[in-house]
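Side-chain atoms are counted along with the backbone in the values below, which use heavy atoms only and exclude waters and symmetry mates.
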Amino acid sequence: QVQLVESGGGLVQAGGSLRVSCATSGRIFWSSTMGWFRQTPGKEPEFVATITPTDGTTYYGDSVLGRFTISTDATKNTVYLQMNSLKLKDTAVYYCAARSGGGYYANHHQYDYWGQGTQVTVFS
C-alpha cells in the first residue's frame, strides 16, 4: 500500500526556519503530483505547495509564496518543504499528499493518499 511518511516538524520561533520531509515510494514519486497541505483543528486542509517530480513544476499558496520552497530528492523519493520567515499563522499539522498523474491540484479533495502529518508550532 502507498506509504507517505512526514518528518521534521517541531517547535520554532517566529522568523525562524524549518524543513519538513515526506518520504514515499519510487512508484508514487514518479507518477504523482506531490503536495503539502496544512490543517488546524476544526478547519479544512489548506493548500501550501505542490510539485511534479517528473519536471519540477511548482505552485504555492498565496499565504506562503516567497517564504516556502518545495523541492525533491529523486535519489531518496523524498519531497521537502523549506519554511522560512515563519509566522504564528503557520502553526499547523503539515501533511504530505499524492495524486496520481501530473498537473496542478490545490484542492485537498483531489489527492488520493495522505501521510499522518507532522506538527509545526511557531511561537513568539
Side-chain angles (χ1 to χ4, degrees):
Q1 197 167 354
V2 175
Q3 182 179 8
L4 301 174
V5 181
E6 301 99 332
S7 62
L11 188 66
V12 61
Q13 191 168 20
S17 299
L18 196 67
R19 188 180 74 168
V20 291
S21 302
C22 173
T24 187
S25 69
R27 185 172 70 87
I28 295 300
F29 183 84
W30 290 111
S31 64
S32 301
T33 294
M34 304 298 301
W36 284 101
F37 292 81
R38 63 188 185 185
Q39 187 173 32
T40 54
K43 301 188 71 175
E44 292 286 300
E46 176 190 11
F47 170 67
V48 176
T50 67
I51 189 167
T52 303
T54 52
D55 62 12
T57 302
T58 60
Y59 297 93
Y60 296 92
D62 291 341
S63 63
V64 306
L65 186 64
R67 299 188 298 120
F68 290 11
T69 302
I70 187 170
S71 62
T72 63
D73 184 341
T75 66
K76 299 178 180 179
N77 301 321
T78 298
V79 183
Y80 301 101
L81 183 69
Q82 177 67 45
M83 301 178 285
N84 298 326
S85 302
L86 282 162
K87 304 175 181 179
L88 295 179
K89 292 182 178 181
D90 295 321
T91 294
V93 176
Y94 283 72
Y95 293 95
C96 179
R99 186 190 191 280
S100 297
Y104 168 58
Y105 304 97
N107 190 322
H108 67 95
H109 290 113
Q110 296 174 303
Y111 285 75
D112 303 307
Y113 307 104
W114 294 81
Q116 294 300 119
T118 185
Q119 176 71 46
V120 174
T121 301
V122 183
F123 68 94
S124 62

Taking side-chain contact (heavy atoms from CB on, under 4.5 Å) as the definition, give me every residue that meets it alongside Val12, ordered by chain and number, with sequence neighbours left out.
Leu86, Val122
Who pairs with Leu65 by side-chain contact (heavy atoms from CB on, under 4.5 Å), at least two apart in sequence or on another chain?
Tyr60
Report the residues that fulfil side-chain hydrogen bond (donor to acceptor under 3.5 Å, both in side chains) with Tyr94, sequence neighbours left out, ordered by chain and then residue number.
Arg38
Under 3.5 Å, sequence neighbours excluded: what are the donor-acceptor pairs made by side chains of residues 68-77?
residue	atom	partner	partner atom	Å
Asp73	OD1	Thr75	N	3.1
Asp73	OD1	Thr75	OG1	2.6

Less than 3.5 Å apart, any donor N or O on the side chain of Ser63 or Glu46 sitting next to an acceptor on the other?
yes
Nearest heavy-atom pair of [X] and [Y]: which atoms, and what distance?
{"X": "Asn107", "Y": "His109", "answer": "OD1-N, 2.9 Å"}
{"X": "Ser31", "Y": "Arg27", "answer": "OG-O, 2.6 Å"}
{"X": "Thr121", "Y": "Gln119", "answer": "OG1-NE2, 3.2 Å"}
{"X": "Phe37", "Y": "Pro45", "answer": "CB-CB, 4.3 Å"}
{"X": "Thr40", "Y": "Ala92", "answer": "CG2-CB, 3.9 Å"}
{"X": "Val79", "Y": "Phe29", "answer": "CG2-CE1, 4.0 Å"}

Checking the side chain of [X] only, and the main-chain atoms of [Y] only, is there a donor and an acceptor separated by less than 3.5 Å?
{"X": "Thr33", "Y": "Gly103", "value": "yes"}
{"X": "Glu6", "Y": "Gln116", "value": "yes"}
{"X": "Ser85", "Y": "Gly15", "value": "no"}

Around atom CG of Asp62, are there more than 12 heavy atoms of other residues, nucleotides or ligands at under 6.0 Å?
no
Those residues that, when tested against Tyr105, pass ring-ring contact (aromatic ring centres under 6.0 Å, His included) (two or more places apart)
none
Joint cluster assignment, [X] & [Y], ILVMFWY side-chain distance < 4.5 Å:
{"X": "Ile28", "Y": "Val20", "value": "yes"}
{"X": "Val120", "Y": "Phe47", "value": "no"}
{"X": "Tyr113", "Y": "Met34", "value": "yes"}
{"X": "Ile51", "Y": "Tyr95", "value": "no"}
{"X": "Tyr111", "Y": "Val93", "value": "yes"}

Among Ile, Leu, Val, Met, Phe, Trp and Tyr joined by side-chain contacts under 4.5 Å, find the other residues sharing a cluster with Leu11 and list them by chain and number.
Phe123
So if I apply the side-chain contact (heavy atoms from CB on, under 4.5 Å) rule between Tyr104 and each of Thr57, Thr50, Thr52, which one comes out positive?
Thr50
CZ of Arg67 to CG of Asn84, rounded to nearest 0.5 Å, is 9.0 Å
If you define the side chain from C-beta out and look only at heavy atoms, does anything of [X] sit under 4.5 Å from [Y]?
{"X": "Gln82", "Y": "Ser17", "value": "yes"}
{"X": "Trp114", "Y": "Cys96", "value": "no"}
{"X": "Gln39", "Y": "His108", "value": "no"}

